[in-house]
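Reviewing the structure listed below.
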Amino acid sequence: MSESKNPAEGESFGPSPLAVTDHLFFERPESALSREAAGRILGRALATAEDGELFLEYRESEHLALDDGRIRSAGADSALGFGLRAVAGETAFFAHAGELSEAALERAAATVAALPPEPGSTPAEPPRASNARLYTDANPLLGMEFAARTRLLGEIDAYARGRDPLVRQVMASLTGEWQAVQIMRADGTRVADLRPLVRLNVTVVLERDGRRESGSYGTGGRFGYRALATQEAWQGAVDEALRQARVNLESRPAPAGEMDVVLGPGWPGILLHEAIGHGLEGDFNRKKTSAFSGLLGKRIASPGVTVVDDGTLPDRRGSLTIDDEGTPSGRTVLIEDGILTGYLQDRLNARLMGMRPTGNGRRQSYAHAPMPRMTNTLMLAGTHSSEEMIRSVKNGLYAVNFGGGQVDITSGKFVFSASEAYRIEDGKVTAPVKGATLIGNGPDALTRVTMVGADLALDPGIGTCGKNGQGVPVGVGQPTVKIAGLTVGGTENA
């Protein structure tokens, strides 16, 4: 792998991921497992399997939180372990341990070796090789001393209070982790990845005339703390949190009823992720539990709607050089000009559906088996301006930011809460509203998209996706989008 520069860190990449992970897992004086022993045990465990792997992981993580000028919590953790999986047909046997030793791996191998072989099966081809490196290998936890991080949080508190006399509370946190993984296969194939991840969160509470409202902003990605410690980054986060809190102080009850909705660019792509993206994951479609099952090649969205999942964007929170099965990340077109063209696949579901893996086999940790998951899911830009969309709406809602939501994968029904939204009246954005919820059906909403903006934006780097009890970092993005006739829940009649 060639050396290159990472724009977020300004550093050259160090030793290869394989060299680093070999040292972590096999070559330290305290190591209780050699690479040769791991390969031998793995080969025996997967002798009759179609597919499978040994997933080795080391992870360091830290968290530091400030509330009202004081450090309220601080923590650090590390984890080391492995997951061993054998696959035949639709069946997978999985075992894991929170220690790395020959004895532990032998016990796991005895479990997965009991997998009944699939008649007439042949071993699956290994993932193709990749020289891509999408982020710095540097451990972000080593790039900024604890005292410097506490000072940064203190500066955030002081800056927020100095910007607005209405500030009553400031909460800020820094989290970082460094994950080192190596994936071994029975045929001797080995791949590795070194993954940094950091995040800054700021929340402020303002009070005026007895009314309290909050605003929050977060940012992060696959780089080091230094990218968050610049004045531009952390002051920008504080300013945005303050802006949202001021907007909320002016908000009035949200309207209710069916109306046109204009979704802002960037983070509102979380609705796309939840209401549509999960339904395009391979396992749901193989089992025919998705609202999009059996619709490949069919029109499922309005013309002009193109959706991709792209794990190759440098430094983005959802990006991966390789997925957790060793497949290089890719850019998968899911919907092209309204036509369903693909699903997100791990190795197991791709093989059973007669498709290729797309680099979307992900797991939360060594203690979890991989499954199809999103990386960075985006709706691509169109041709309209946001001003044009606003002018076209007589009575509607402009939703700029979202909080939580719920989705039923089988039916596609969703409910999402807007954390920042405004009335649109006679083609103009007017008063901010509070308590608005968007209610609809993902497949139906795709057909109601009438205008797609030219202002594609990515989220600031805060997303975490949950599925089957596993959480993984993800990214979302979209341009401004107009959806006709969406149901808005609120406390005031439209």
Side-chain angles (χ1 to χ4, degrees), residues 8 61-75 140-141 143-177 197-221 223-252 264-268 270 317 399-404 417-422 431-435 457-464:
S61 59
E62 291 183 353
H63 173 78
L64 187 64
L66 173 143
D67 187 354
D68 273 344
R70 296 183 178 182
I71 300 298
R72 298 294 186 181
S73 65
L141 279 59
M144 190 177 183
E145 295 295 329
F146 179 84
R149 298 204 300 277
T150 60
R151 283 196 300 272
L152 174 59
L153 294 181
E155 289 173 357
I156 288 172
D157 181 90
Y159 178 78
R161 294 178 187 280
R163 295 286 282 180
D164 196 320
L166 299 180
V167 171
R168 295 294 176 266
Q169 187 175 13
V170 179
M171 293 164 280
S173 65
L174 274 171
T175 58
E177 72 171 45
L197 190 68
V198 295
R199 177 171 168 173
L200 168 68
N201 273 65
V202 178
T203 298
V204 296
V205 178
L206 306 186
E207 183 176 15
R208 186 180 64 199
D209 299 330
R211 179 178 178 178
R212 287 195 169 206
E213 296 289 351
S214 65
S216 299
Y217 186 76
T219 183
F223 39 74
Y225 281 131
R226 281 181 295 172
L228 302 179
T230 66
Q231 284 194 344
E232 180 183 8
W234 67 261
Q235 288 184 1
V238 174
D239 289 342
E240 177 59 18
L242 286 168
R243 186 196 65 79
Q244 290 185 25
R246 293 177 188 127
V247 167
N248 287 333
L249 277 176
E250 303 295 333
S251 64
R252 65 192 197 193
W267 179 244
I270 190 64
R317 181 174 171 86
V400 179
N401 278 304
F402 283 92
S417 300
S419 57
E420 181 183 354
Y422 303 82
V433 297
K434 186 177 182 181
L458 304 180
D459 79 281
I462 59 174
T464 297

Side chain to side chain donor-acceptor pair (under 3.5 Å) against N248, all qualifying residues, sequence neighbours excluded: none

Set of residues satisfying side chain to side chain contact (heavy atoms under 4.5 Å, CB included) with respect to A74, sequence neighbours excluded: L64, F146

Residues in side chain to side chain donor-acceptor pair (under 3.5 Å) contact with D67, at least two apart in sequence or another chain: Q169

Pairwise side-chain contact, L153 with L174, heavy-atom cut-off 4.5 Å (strictly under): yes

Distance in Å, T150 OG1 paired with L152 CG, rounded so as to fall on 0.5 Å steps: 9.0 Å

Residues forming a salt bridge (charged side-chain N to carboxylate O under 4.0 Å, His left out) with R161, sequence neighbours excluded: D68, D157

Straight-line distance of L242 CG to S214 OG, nearest 0.5 Å: 11.5 Å

Partner set under salt bridge (charged side-chain N to carboxylate O under 4.0 Å, His left out) for D164, not counting sequence neighbours: R246

Salt bridge (charged side-chain N to carboxylate O under 4.0 Å, His left out) partners of E155, counting only residues at least two apart: none

Heavy-atom pair with the smallest gap, counting every atom of V205 and M171: CG2-CE, 4.3 Å

S251: side chain to side chain contact (heavy atoms under 4.5 Å, CB included) partners, not counting sequence neighbours: R211, P432, K434

For R72, all residues meeting salt bridge (charged side-chain N to carboxylate O under 4.0 Å, His left out), sequence neighbours excluded: none

Test item: L200 and Y225 side chains (from C-beta on) under 4.5 Å apart, heavy atoms: no

Student check: side-chain heavy atoms of V204 and R163 closer than 4.5 Å: no

No-hydrogen, no-angle side-chain donor-acceptor test under 3.5 Å, R199 and S173: no

With sequence neighbours excluded, residues passing side chain to side chain donor-acceptor pair (under 3.5 Å) with R243: E240, E420

Partners passing side chain to side chain donor-acceptor pair (under 3.5 Å) against T219 (at least two apart in sequence or in another chain): none

Smallest separation among heavy atoms of A172 and I156, with atom names: CB-CG2, 4.0 Å

Minimum heavy-atom distance E177-P140, with the two atoms named: O-CG, 3.5 Å

Any donor-acceptor N/O pair, Q244 side chain to S216 backbone, under 3.5 Å: yes

Within-4.5 Å side-chain heavy-atom neighbours: T464 and R317: yes

Interatomic distance, L197 atom CG to L141 atom CG [nearest 0.5 angstrom]: 10.5 Å

I71 side, atom CD1; R149 side, atom CZ - distance, nearest 0.5 Å: 10.0 Å

Test item: W267 side-chain N/O and P460 main-chain N/O as donor-acceptor pair under 3.5 Å: no

Shortest non-hydrogen separation from P268 to A399 and the atoms involved: CG-O, 4.1 Å

Listed partners of Q231 passing side chain to side chain contact (heavy atoms under 4.5 Å, CB included), at least two apart: W234, Q235

Taking every non-hydrogen atom, the tightest pair across A227 and A233: O-CB, 3.4 Å

From CA spacing to verdict: side chain to side chain contact (heavy atoms under 4.5 Å, CB included), V400, V247: CA-CA 12 Å; V400 179; V247 167; over 6 Å; no

Pairwise side-chain contact, L206 with V167, heavy-atom cut-off 4.5 Å (strictly under): yes

Residues forming a ring pair (Phe, Tyr, Trp, His ring centres under 6.0 Å) with Y217, sequence neighbours excluded: none

